[in-house]
**Q** 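Quick one: the structure is below, and I'll ask about it shortly.
We count residues from 1, following the sequence as given. Small disclaimer: the values here were computed from a predicted structure and weren't measured. These values consider heavy atoms only, across backbone and side chains, with no hydrogens, waters or symmetry-generated copies. For ligands, and for the atoms within them, numbers begin at 1 and follow the listed sequence.
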Amino acid sequence: MAEAPRADLLVLFGGTGDLARRMLLPSLYFLDADGFLPDGFRIVATARAEMTREAFVEMVQADLKARAEGVDEAVWKRFCARLDYVAADATTVEGLAALKPHMAGAARPMFYLAISPSLYARVCAALAAAGFAVDASRIVLEKPIGRDLESSRAINAAVGAVFDEDRIFRIDHYLGKETVQNLIALRFANTLFEPLWNNLTIDHVQITVAETEGVGERWPYYDEYGALRDMLQNHMLQLLCLVAMEPPSDMEPDSVRNEKVKVLRSLRHFTRADAQNASIRGQYTEGVVGGRAAPAYAKERGQPSDTETFAALRVDIDNWRWAGVPFFLRTGKRLPERRTSIVIQFKPVPHSIFDGQASEDLIANRLVIDLQPDEDIELLLMNKAPGITQGGMRLQSLPLSLSLLRAYEGPGARRRIAYERLLLDVISGNSTLFVRRDEVEAAWRWVDGVADAWREAGMAPKPYAAGSWGPAGAFALIERAARAWYD
Ligand code: BG6
């Protein structure tokens, strides 16, 4: 891929917000520590709050010091010199005027909108009117890009009126996670899996994103979205796409994204009957998670709500490779453990040659890709249990493990924040790990179908106790397909 010129300035809107303080500024610091920030690269944080540069810098330093990694004095000195702060109202040209002197000398600015998506359209229009949206500039957006297809189109159109598509970087932070990228390596840097990666050999796929945290104070946002729009439309469909896509011809942004869009377009439309038979919505009631009492969602929300905090569904991909292979997706808040995993369940051997052990007694191979909390890849294989028995042999299933934690441990090794990779890619202008407009819209089109089917079927969320694996219907839906969740 031809190298794009590197950005020389980051303007961080929402510069004092939670995302900036917990993720973005620490990520930039770590990039600087590893020598990834270009010489002369500057960071101007901006928000409405009046604050001096000194106060902002102190805040960033305190945030960094509070982290387990600690702060290296020499790195901090270099990083601190890049930082600047200016109070500005980004939604008007007049408000943006305050920013102008701070951007002096920058030829290739990147604008990061760590602000409410409801402001994206206005900020982009203001950036254009202020003359900041120069040809070499880039814009970074966070989810949620809309709440449905129609609202996402409106946002995309407003941003697209100011920035060309190749200058728009839509973040799905799951794509910045090490193991998610490793999925691409695993599939396409090994000859072993690809010939088996289809409906001849694979029985089904499970994708679980379980969280122990509840919604808590985020309810004003969450209540509008629910698990379907907050997790499934983006993170989980991205994981599904990476598992299901055809081999791209190379790692060019459009090569990879074209393949993902094809998968999204092949997702079978959800009908009202599917809603009842192949999906479930849940909402947590009070319970105990990790030994601690947890309140009901309705209590956090302050009133009863129709929003799901848990969703599980069976997804079918109508194409040659995946016909007949169900993908079971499940996500929820206040589940018993924090775990993100992808399970590829292979079919059993067609015939058992082992006395007394039918082919279904032999545990079929399973590839388990754990993304969180630990990064690990395990391949379950059958092998002979050691020792001798009276006639025949005893078999057992054991994992072949590629623990990334162990593989990369050593001095200086640490788990990177997903945003480090993504910020570095925006600086370098590489959009492979960002979501293209037609991709977001294809995902919304399918998700709108699920939401409509739920509405038509009158599916209210079923209660589940905090600390449980969701409503009973989540088990019933996979059992109807004669499979079971791997918990
Ligand atoms: C965010 C969702 O996009 O992802 C949150 O809005 C969710 O509700 C979070 O908790 C999960 O991200 P991670 O990286 O902690 O798995």
**Q** Which protein residues come within less than 4.0 angstrom of ligand 1, counting heavy atoms only?
**A**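 The 4.0 Å shell around ligand 1 contains Lys143, His173, Tyr174, Lys177, Glu211, Arg218, Asp230, Met231, His235, Lys333, Arg338, Gln372.
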**Q** Within a 6.0 Å radius of atom CD on Glu217, are there more than 12 heavy atoms belonging to other residues, nucleotides or ligands?
**A**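 12 or below, so no.
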**Q** Using a 6.0 Å cut-off, check whether atom CZ of Arg122 has over 12 heavy atoms from anything other than its own residue.
**A**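 No, not enclosed.
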**Q** Looking at Gln276, I'd like to know if its CD atom is crowded, meaning that more than 12 non-hydrogen atoms belonging to other residues, nucleotides or ligands lie closer than 6.0 Å.
**A**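 Above 12, so yes.
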**Q** Assess the pair Phe13 and Tyr112: is the distance between their ring centroids shorter than 6.0 Å?
**A**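 Between Phe13 and Tyr112, the centre distance exceeds or equals 6.0 Å.
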**Q** Does Glu337 CD have over 12 foreign heavy atoms under 6.0 Å away?
**A**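 Yes, because the 6.0 Å sphere around CD of Glu337 holds more than 12 heavy atoms from other groups.
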**Q** Could Asp164 and Arg167 be called an ion pair, given the rule that one side-chain N must be under 4.0 Å from one carboxylate O?
**A**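 Salt bridge absent between Asp164 and Arg167.
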